[in-house]
2 protein chains.
Amino acid sequence: MAGKTECSMKIYQFKSGANPPRVRAFLIEKGILETVEFVHVDVANGVNRQPEFKAKNTKGTLPVLELDDGTFVAESVAICRYFEVTYPDPPLMGVTAKDQAVVEMWNRRIELGLFRHCDDIVRNTLEFFQDKVIQDEAVVRVGRQSAKHECEWLDAELLERRYVAGQTFTIADITLYAAFFLGARSIIGSGAQYPNLARWYSDVSQRESLREFA
Amino acid sequence: MAGKTECSMKIYQFKSGANPPRVRAFLIEKGILETVEFVHVDVANGVNRQPEFKAKNTKGTLPVLELDDGTFVAESVAICRYFEVTYPDPPLMGVTAKDQAVVEMWNRRIELGLFRHCDDIVRNTLEFFQDKVIQDEAVVRVGRQSAKHECEWLDAELLERRYVAGQTFTIADITLYAAFFLGARSIIGSGAQYPNLARWYSDVSQRESLREFA
C-alpha cells in the first residue's frame with residue numbers, strides 16, 4: 001500500500017504496565033520507534049494467556065518482539081539488546097567491554113535490588129492481579145523494607161554521578177524510571193530524605209522517551 | 001618472581017555460594033581461568049561488609065572483578081559480559097543480534113523465574129543468613145510454589161532442545177545449574193515428573209566447568 005511503510009518487526013505489548021514502556025523508551029532514545037509495528041494484546045481479558053499468544057511466548061509475558069524470520073524474543077532487556085546490536089548509536093548499553101560490563105552491573109543492581117521489589121508490591125496489592133497471582137501480605141512487607149533500603153543506598157551512590165551508570169544516560173536509567181513508575185516514587189516522597197534520587201528524577205523526567213510511562 | 005604469571009585482573013570471591021562458581025564456570029568454558037587472580041574474601045566473618053571491601057563494591061556482594069585500570073565490576077552476569085566481549089570464543093552469550101537476544105531472554109527467564117526463588121529460599125532458611133537478612137517463612141512458601149511452577153514450565157520447554165537456549169551450551173545453562181545447586185535439584189527429585197529437566201541435568205553435569213559448584 002502506498003504512503004505507509006511496511007514494518008517487518010512487530011512488538012506485541014499493552015500500552016501501560018512497567019515493561020512495554022521500557023522498550024518503547026529505549027527505541028525513542030535510539031530514534032527508531034517507527035521501525036517497529038506495535039500490536040496491542042488485551043491483557044485485561046487474558047488474551048496473553050490464550051494458546052495463540054502462548055505460541056509466541058510460552059510464559060505469556062509482554063512485551064514480545066517478533067523478528068522478520070519469525071523468531072520471538074521476550075524479556076524487555078533482551079529485546080533492547082537486539083536493538084542495541086542492530087542500531088548501535090546512540091549507545092545505551094555501553095560500547096567498550098568495560099563500559100558494557102559497568103552498564104550491565106548497574107542495570108542489574110536496579111532490577112534485582114529495586115525494580116523486583118516494586119514489581120512484587122504491585123502484583124501483591126493491585127486488584128487487577130487478584131486472579132492472576134497468589135497475593136501475599138508478607139511479600140509486600142518484605143518488598144517495602146527492601147525497596148526503602150535500596151533507595152537509601154542508591155541515593156548515596158548518586159551523589160557524584162548525573163546518571164545511574166555514570167555521566168551518560170543508559171538503559172539503567174530507564175530501568176530505574178520504571179521502578180519509580182511502579183512505586184519507588186512514593187517511597188522517596190518529597191525527596192527531602194533522598195536528595196540525589198530526587199535530583200536524578202527531576203532531571204530525567206524532562207526526557208521525551210520517559211513520557212511513555214503513564 | 002620467576003615461575004609465576006602476574007595477573008593484572010583480580011576476582012574477589014568466596015569459594016562456595018552460587019554466584020562465584022557462575023563466573024568461574026564461564027571462564028573455564030572459555031579456557032581463560034588462569035588469566036585472573038582469585039582473591040578470597042572471608043564472607044563468614046563479614047569481611048565483605050567492612051569499609052575496605054565496600055570501597056570495591058558498596059553493595060558488599062561477591063564476586064567482584066577488578067580490572068587493571070582499577071575499575072570494579074560487580075554482578076556475575078556483568079562480569080561474564082566483560083569476558084564475553086574480550087574473549088569472544090567460544091561464544092556463551094550469542095554472536096548475532098538475534099542470538100544475543102535469545103540467549104539473554106533465556107538467561108533472564110531462568111534468573112528471574114527460578115534462580116531468584118531458589119536464592120530467596122536459601123537466604124530465608126539457612127542459619128548462615130540469620131544475622132544477615134530478615135528471614136520470613138512466607139517468602140519461603142511463595143518461593144517454593146513459584147519454583148515448582150517454573151520447573152514444570154521449563155520441563156515442557158526442554159522437550160525439543162538439548163540446552164536451555166537452543167542446541168549449544170550458553171550462560172543460561174550455567175545459570176540454571178546454579179539454580180539447581182541452590183535447591184531446584186530437590187524440587188525435581190528423581191526426575192520422574194520432570195524427565196526433560198532430568199535429562200538436561202544429567203547431560204550438563206558431565207562438564208568440568210560445572211564441578212565448580214560444590
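A note on names: the letters A, B, ... follow the listed sequences, proteins ahead of strands, and every chain is numbered from 1.
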Side chain from CB out, backbone as N, CA, C, O: work out which of these in B:D120 comes under 4.5 Å of a heavy atom of chain A, or both, or neither.
side chain

Which atoms of B:V139 come close to chain A, meaning under 4.5 Å heavy atom to heavy atom: side chain ones, backbone ones, both, or neither?
side chain

Taking side chain as everything from C-beta outward and backbone as N, CA, C, O, which of these in B:Q145 sits under 4.5 Å from a heavy atom of chain A? Side chain, backbone, both or neither.
side chain

Between B:V102, B:D69, B:T96, B:D99, who has the most heavy-atom pairs with chain A when the cutoff is under 4.5 Å?
B:D69

Does either side chain, that of A:R22 or that of A:N19, offer a donor lying less than 3.5 Å from an acceptor on the other one?
yes

Greatest number of heavy atom pairs closer than 4.5 Å to chain A - which of B:A156, B:A97, B:G94, B:A138:
B:A97

Under 4.5 Å from any heavy atom of chain B - which part of A:V142
side chain

Quick one: does any side-chain atom of B:D155 pair with a main-chain N or O of B:E152 as donor and acceptor, under 3.5 Å?
no

Hey, are B:K59 and A:E157 close enough for a salt bridge, meaning a charged N less than 4.0 Å from a carboxylate O?
no

NZ/NE/NH1/NH2 to OD/OE distance under 4.0 Å, A:E104 and A:R81
yes

Counting only non-hydrogen atoms closer than 4.5 Å, does A:E137 touch chain B with its backbone (N, CA, C, O), its side chain (CB onward), both, or neither?
neither

Is there a donor-acceptor contact under 3.5 Å from the side chain of A:K98 to the main chain of B:T71?
no

Heavy-atom distance under 4.5 Å to chain A: side chain of B:I79, backbone, both or neither?
neither

Give the C-alpha distance, both sets of side-chain angles, the deciding distance and a yes or no for side chain to side chain contact (heavy atoms under 4.5 Å, CB included) between B:L197 and B:Y201.
CA-CA 6 Å; B:L197 260 181; B:Y201 186 79; over 6 Å; no

For A:R109, the option from B:N57, B:T58, B:T61 that meets side chain to side chain donor-acceptor pair (under 3.5 Å)
B:N57

Engaged part of B:E150 at the chain A interface, taking heavy atoms whose separation is under 4.5 Å
side chain

What part of A:F83 is in contact with chain B, defined as an atom under 4.5 angstrom from a non-hydrogen atom: side chain, backbone, both or neither?
neither

Flag yes if more than 12 heavy atoms outside A:Q167 fall under 6.0 Å of its CD atom; otherwise flag no.
yes

Residue, of A:T86, A:V77, A:V103, that accumulates the most heavy atom pairs under 4.5 Å with chain B
A:V77

